Protein chains: 2
Amino acid sequence: MQRRVTIEDIAREAGVSRQTVTRAMNGMPRISEATRARILEISERLGYRPSRFASNLARTSKTKTIAFVVDSFRNPYYSELAADLLDAASARGWQMTIVSHEDEPELQLISRLANQVDAVVGYLGQTDEAALTAAARGVPLVLLGRTATAEGLHSVDFDFGPAFAHLVDELRKRGSKRFGLLESQPLGAVYKPSTRRIAYEDAVDPVSAEAVVVCEAPPQSVDAGELGFNELMDRFPETDTVIAFSDLMAMGALRAAHRRGIDVPGQVRLVGVDGLSLGAVTSPALTTLAILGTAFAEQIADVIGEALDGAGDSAERRRTALPILWRESA
Amino acid sequence: MQRRVTIEDIAREAGVSRQTVTRAMNGMPRISEATRARILEISERLGYRPSRFASNLARTSKTKTIAFVVDSFRNPYYSELAADLLDAASARGWQMTIVSHEDEPELQLISRLANQVDAVVGYLGQTDEAALTAAARGVPLVLLGRTATAEGLHSVDFDFGPAFAHLVDELRKRGSKRFGLLESQPLGAVYKPSTRRIAYEDAVDPVSAEAVVVCEAPPQSVDAGELGFNELMDRFPETDTVIAFSDLMAMGALRAAHRRGIDVPGQVRLVGVDGLSLGAVTSPALTTLAILGTAFAEQIADVIGEALDGAGDSAERRRTALPILWRESA
DNA sequence: CTGAAAGCGCTAACAA
DNA sequence: TTGTTAGCGCTTTCAG
């Protein structure tokens, strides 16, 4: 392996000091155009590449980088959230790197990230909070979609309770009587009702609370939604309003409805959860309980900001409200 | 601003040397469990956060970070490409940061990135190659969707010529006679036929070559596709095969076809370009000239890899083939 | 098992 | 306009 070309080499070649090279390279003042041009020419000839670690170490204002961890980046929910977060991050002058942890064990991923970024945010599944904190080795961690309890752990969670209560209320005003629910479940896992489901059951009448289908195949997918909708309508034909726990599933339900000749929203109203922009291009466009959007991303960014500044003692914990995005399907 | 807590502070507090602290923090051997535990406790109490710049500077194997620059991350084409690229990057042990350049001038963005990452790859619009190279200050640049000519600039371009020839050929075999084309154009820009259009015109018969609609409103959008399809069918009712220059436009065309009661592929065959996974969930599913996929991402990653290793002298330039993804719409 | 010394490559502050 | 002197905070030899 070749020794790296440093400013030292350029300085020697040009017969100037390292400082002069720095000035030339970074477009700083107090240097003559002639020497700058000469140095630039030499650095190119020598194949010089600055070391960002060295420069950031020496520099007073260091660039902040945060890592956003998702399950799979192919899920539009994550990519849209990433887009929102990216905007919020660059508005604050941060870099954001996106990491998907397909196979790598979560704790290992976190400790790897810990010496590459200044904060880690994402949907982390690991429930042992002490282990998470330990793996982060002092780097702030912001958990999404759950509420942290351990000291020093930050989190932004959703307020599903009020959201479902409000949604069901509004739907009733529009004539909904019998609700049905489409939930999905990771393949082969032991079923455990989600916080969403619990919030939903609190919001609807007892009969509706029974009409729940838990889709088995590929969770959160369009196919799961299609399968689930069919099963739901077979088992609970009275259903006049279907709530799917993700927009992708709702899209599958929409497709199933088309195929069965069920008019949406004429015969069955359909509501998703997530707020995917994709939901706007289906026909009919999808009404949804919107998680995504600038508000959520800004809130996350604020939490990160405080975590970055804070000495690490006080932990930020927020709960975010979910507005209803009325479109055509309900 | 507080002075930062360093290993020095911990060492002093613990009454050991800095090296011992390093050993404790990084889980290195040759240290007793007792002192490790004590040091970890102290570092937590003091709120120590390692400096990734210092550690990477001192470390022999540095982590590589590449930046992927896109127009807007809300376009599924870019987010799917990002996902592919992310896989290729993490397989190589690289970090990837995604940057969208909404307002920031491109050259400024590049020179900013130049001291934060080890390579920049993306769809860069700037045509002045010398300016690009200068802005990158020695950091390798990989241009996508165009072919670089200047020295030291890498690129991965598409081979539209053979792709369209092959596509048109295959479609003819399936009975297509009259082709129509949907292109889109940035709002308010002077129209300049794309390389895709030129390749297309070379592939079809003269009459078909006339049937081209350039959509004006939001380029590459579903709406543009819908508008364009309507105009195309009004002006060229003989058309039996529509090629849209992006999958999103094709999705809009599909919607328009449904609304006009035109059966796809029965009356009109429809083909998109991009290979979005989204195209698999429309009904009928979208046939497309696939850009996306592991092959493209791997090719890009290879180019980046060589750029990262290479002394910067030889430039890698590749052209990638586009396979046809036959689904239901054609 | 622990410590001392010597950098990693660059920039800030000052002096010339 | 240029050079000098100190670091930035950490890890890597190599001794002890």
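Below, chains carry the letters A, B, ... as their sequence lines are ordered, and counting in each starts from 1. Since the structure is predicted, the reported quantities are computational estimates derived from the model, not experimental observations.
- Nucleic acid contact for A:M25: none, since no nucleic acid atom lies under 4.0 Å from a heavy atom of the residue.
- Across all strands shown, B:I31 has heavy atoms under 4.0 Å from sugar-phosphate atoms exclusively, and none from any base.
- Set against C:dT2, D:dG9, D:dC8, the side chain of A:A58 has D:dC8 as its closest nucleotide.
- Across all strands, A:R59 comes closer than 4.0 Å only to sugar-phosphate atoms, never to a base (heavy-atom distances).
- In terms of phosphate contacts, B:S32 brings a side-chain nitrogen or oxygen within less than 4.0 Å of OP1 or OP2 of C:dT2.
- As judged by a 4.0 angstrom heavy-atom cut-off over every strand, B:T22 is placed among the base-contacting residues.
- Contact annotation: B:N56 side-chain N/O to C:dC8 OP1/OP2 distance is not under 4.0 Å.
- Aromatic ring centres of A:F68 and A:Y78 lie farther apart than the 6.0 Å criterion allows.
- Looking at the side chain of B:S55, the nearest of the listed nucleotides D:dT11, D:dG9, C:dC10 is D:dT11.
- Closest to the side chain of B:T20, out of C:dT2, C:dC10, C:dA4, is C:dT2.
- At a threshold of 4.0 Å, the pair B:D118-A:R52 counts as salt-bridged, since one of the basic side-chain nitrogens sits closer than that to a carboxylate oxygen.
- Residue-environment remark: CD (A:E44) stays at or below the threshold of 12 foreign heavy atoms within 6.0 Å.
- With respect to A:R12 and A:E8, no salt bridge is recorded, no charged nitrogen being found less than 4.0 Å from a carboxylate O.
- Mapped onto DNA chain C by nearest heavy atom, A:R18 and A:R30 fall at different nucleotides, with A:R18 at the one closer to the 5' end.
- Which of D:dT1, D:dC10, D:dG3 sits closest to the side chain of A:Q19 comes down to D:dG3.
- Of the charged side-chain nitrogens involved, at least one lies within less than 4.0 Å of a carboxylate oxygen, so that B:D87 and A:R74 count as a salt-bridged pair.
- Applying the 4.0 Å criterion to OP1 and OP2 of D:dG3, one finds that A:S17 has a side-chain N or O inside that range.
- Annotation: of the two residues near DNA chain C, B:A54 and B:T35, the 5′-most nearest-nucleotide partner is B:T35.
- The side chain of B:L57 lies closest to C:dG9 when the candidates are C:dG9, C:dC10, D:dT11.
- Counting distance only, with no hydrogens placed and no angle test, the side-chain atoms of A:R23 and the base atoms of D:dG3 include a donor-acceptor pair under 3.5 Å.
- The side chain of B:V16 sits closest to C:dG3 out of C:dG9, C:dG3, D:dT2.
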